[in-house]
Amino acid sequence: MTDSLVTKTTQYKIKDLSIVSKIGKIDITGLFEELDIFDCIFFPSITGKIVINDTLGLTSRLAFDGSEVLVIHMGKTDEDAVFRKSFRIYKQSDRQSLNNNSERYILHFISDEYLLSQQNRISQSFVGTYTQMVMNILENYLGIKSKSL
């Protein structure tokens, strides 16, 4: 099923774009100007940045200290090429005042796999096939049971 509103291959329909923090969920769909998501085979997690035109004063209400989560749910259409993932916001940069009640800044985010891999170090020799080694790490170090894979 096609959506007549999608006219370019790089165009996506944002279904949910929000920040979840200690104070609750804040919808930022109307505040974002640009959203860039990066995935690379040389880096083990997804990163990105989002440019925000803030008229709500989020900077004064949120700390942007790594405890905030950016929820992205988007797709080409309602059914096709759907992407839904949560990311950790780890940095705010390029903050500029636009006028008395608005500012623009960039929020940098990263997937939770990066944080998990930084916290867990594995120092062990393995024997067997690659599949057996990966299953050992998933079950014994990450707590993921093989039935859920």
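Because the structure is predicted, anything quoted here is derived from the model rather than measured.
- Applying the side chain to side chain contact (heavy atoms under 4.5 Å, CB included) rule to T129 yields the partners T131, Q132; only residues at least two apart in sequence or on another chain are considered.
- Residues I23 and I89 share a single hydrophobic cluster, defined by chaining ILVMFWY side chains whose heavy atoms lie under 4.5 Å apart.
- Nearest heavy-atom pair, S67 versus R88, reported as atom, atom and distance to 0.1 Å: O-NH1, 3.5 Å.
- How far NE2 of H73 is from NZ of K85: 13.5 Å, rounded to the nearest 0.5 Å.
- Atom OH of Y105 and atom OG of S97 lie 12.5 Å apart (nearest 0.5 Å).
- Atom CZ of F126 is separated from atom CD1 of I137 by 4.0 Å, given to the nearest 0.5 angstrom.
- Paired with Q92 under the rule side chain to side chain contact (heavy atoms under 4.5 Å, CB included), one option of D65, L62, I106, T59 passes, and it is T59.
- With sequence neighbours excluded, the residues that form a salt bridge (Lys or Arg N to Asp or Glu O under 4.0 Å) with R95 are E103.
- Note that the OG1 atom of T29 and the CE atom of M74 stand 12.5 Å from one another [nearest 0.5 Å].
- Qualifying salt bridge (Lys or Arg N to Asp or Glu O under 4.0 Å) partners for D36, counting only residues two or more places apart in sequence or in other chains: none.
- Note that the OG atom of S125 and the CE atom of M133 stand 9.5 Å from one another [nearest 0.5 Å].
- Taken from CD1 in I28 to OG in S18, the straight-line distance is 7.0 Å, to the nearest 0.5 Å.
- Both F83 and F109 are members of a single hydrophobic cluster when ILVMFWY side chains are connected at heavy-atom separations under 4.5 Å.
- A search for salt bridge (Lys or Arg N to Asp or Glu O under 4.0 Å) contacts involving K49 returns nothing, not counting sequence neighbours.
- Taking the side chain as every heavy atom from C-beta outward, L107 and L70 never approach each other to under 4.5 Å.
- The side chain to side chain contact (heavy atoms under 4.5 Å, CB included) test with F87 singles out one residue from V71, I72, V69, D112, and that residue is I72.
- By the side chain to side chain contact (heavy atoms under 4.5 Å, CB included) test, F32 pairs with I14, L17, L35, I50, I52, sequence neighbours left out.
- Under a hydrophobic-cluster definition in which Ile, Leu, Val, Met, Phe, Trp and Tyr are linked whenever side-chain heavy atoms come within less than 4.5 Å, directly or via other members, V20 and Y90 are assigned to different clusters.
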**Request:** Using the salt bridge (charged side-chain N to carboxylate O under 4.0 Å, His left out) rule, take R104 and D54 through it: C-alpha gap first, then chi angles, then the decisive distance, then the call.
**Result:** CA-CA 6 Å; R104 177 183 292 136; D54 186 2; over 6 Å; no
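- Residue D16 comes nearest to K25 through the heavy atom pair OD2-NZ, 3.4 Å, listed as atom of the first residue, atom of the second, then distance.
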Which pairs of donor and acceptor atoms, one on a side chain in residues 37-48, lie under 3.5 Å apart (sequence neighbours left out)?
none

